[in-house]
Amino acid sequence: MAQVKFFANYNQLHSFPHPQKSSKFLPKYFRNCPQQTTDDPQSGTVKRCVPFLDALTNGFIIPLWAECRVVATNGDINIQFPHNLAMPESVSTHDYDQIRDHPLCESKYGKMPLKWVNPWGIETPKGYSCLITSPLNHMETKFKILDGIVDTDSYYNQINFPFIWTGEDGDFTFPKGMPLVQVIPF
C-alpha cells in the first residue's frame, strides 16, 4: 500500500480522532457475526467472505472529529457541532444545481446537498490518488457520501465530503469517532 499521510492545521488537533487503517473500524454487526450459521461448513457468513472483508478493511477511515447532532424536520435540516470546536465550520452546503436531478433528488432532503468540512488533508506519493467513499459494508442509512477520486499526489488541501441526507425526520446524534468516510489509495 502507498505511504499515506494525513495532515491538519488546527490547534486542538490532538483532541480529534485521527484517521486510521480501516481494519480498526470494524462495525459491531460484523464483529458479532459468527464464522458460520450452523455446523455445516457450507453455512459460512460474510465473516468468511474474502471480498467482503477486503472491502471492509481496505485503506483508511476518517472518523467524525466531534459529536454531531442532526435535527431533520419536514424537509429542513439543522446540523450542530459543539460550540467550542477548534474548527470554525464543520458542515456546509452545495448548490442543488451542481447535482441537479440526481437519483435521490425526489427524496425529502434530496435537494439539499451538504458537505462535511473535513479537518484532514491527504498526501500520497506521485502517481497515487484516493477514492473517497462511504465506509464500505458499514451500511450507514442516514446519509450518503458522494463518492469522489482526489489526486492526493498534487492536491494539498483539506478534502471536504459532499453528502445527501437519506435519513428520516428526527433528532440524531452521531458520536465523535464514528467512521465517516473510507479513503482507498490506488
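Bear in mind the structure is a predicted one, so any value in this text is a computation, not a measurement.
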If you compare all heavy atoms of [X] against all heavy atoms of [Y], which two are closest, and at what distance to 0.1 Å?
X      : Y      : result
Pro125 : Gln3   : CD-O, 3.0 Å
Val46  : Phe30  : O-CE1, 4.0 Å
Asn137 : Ala55  : ND2-CB, 3.7 Å
Tyr128 : Thr124 : O-OG1, 3.1 Å
Ile61  : Leu180 : CG2-N, 4.3 Å
Gly177 : Pro63  : O-CB, 3.4 Å

Within the side chain of [X], is there an N or O that forms a donor-acceptor pair under 3.5 Å with the backbone of [Y]?
X      : Y      : result
Lys5   : Glu123 : no
Arg31  : Leu26  : yes
Thr133 : Gln182 : no
Ser92  : Lys115 : no
Ser43  : Thr38  : yes
Lys24  : Phe60  : no

How long is the gap from [atom1] on [X] to [atom2] on [Y], to the nearest 0.5 Å?
X      : Y      : atom1 : atom2 : value
Lys126 : Asp151 : NZ    : CG    : 10.5 Å
Gln158 : Phe7   : CD    : CZ    : 6.5 Å
His138 : Tyr29  : NE2   : OH    : 7.5 Å
Thr37  : Gln42  : OG1   : CD    : 11.0 Å
Ile122 : Asn157 : CD1   : CG    : 11.5 Å
Asn118 : Leu64  : CG    : CG    : 10.0 Å

Are [Y] and [X] co-members of a hydrophobic cluster defined by side-chain heavy atoms under 4.5 Å apart?
X      : Y      : answer
Tyr155 : Ile145 : yes
Val181 : Leu56  : no
Ile62  : Trp116 : yes

I'd like a table of donor-acceptor pairs (distance under 3.5 Å, sequence neighbours excluded) in which one partner is a side-chain atom from residues 66-74, with atom names and distances.
{"from": "Arg69", "atom 1": "NE", "to": "Asp171", "atom 2": "OD1", "distance (Å)": "2.9"}
{"from": "Arg69", "atom 1": "NE", "to": "Asp171", "atom 2": "OD2", "distance (Å)": "3.2"}
{"from": "Arg69", "atom 1": "NH1", "to": "Gln80", "atom 2": "OE1", "distance (Å)": "3.4"}
{"from": "Arg69", "atom 1": "NH2", "to": "Asp171", "atom 2": "OD2", "distance (Å)": "2.4"}

Within a radius of less than 6.0 Å around NZ of Lys142, do more than 12 heavy atoms belonging to other residues, nucleotides or ligands occur?
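Enclosed: over 12 neighbouring heavy atoms sit under 6.0 Å from NZ of Lys142.
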
Checklist line | Asp76: salt bridge (charged side-chain N to carboxylate O under 4.0 Å, His left out) partners, not counting sequence neighbours | finding: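 Checked Asp76 against salt bridge (charged side-chain N to carboxylate O under 4.0 Å, His left out); zero matches.
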
### Query
So which residues get pulled into Leu136's cluster when ILVMFWY side chains under 4.5 Å apart are joined, directly or through others?
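Answer for Leu136: Leu131, Ile149, Ile184, Phe186.
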
Name the orientation class of the two ring planes belonging to Phe143 and Trp165 (parallel below 30°, tilted from 30 to 60°, perpendicular beyond 60°).
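Correct class here is parallel.
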
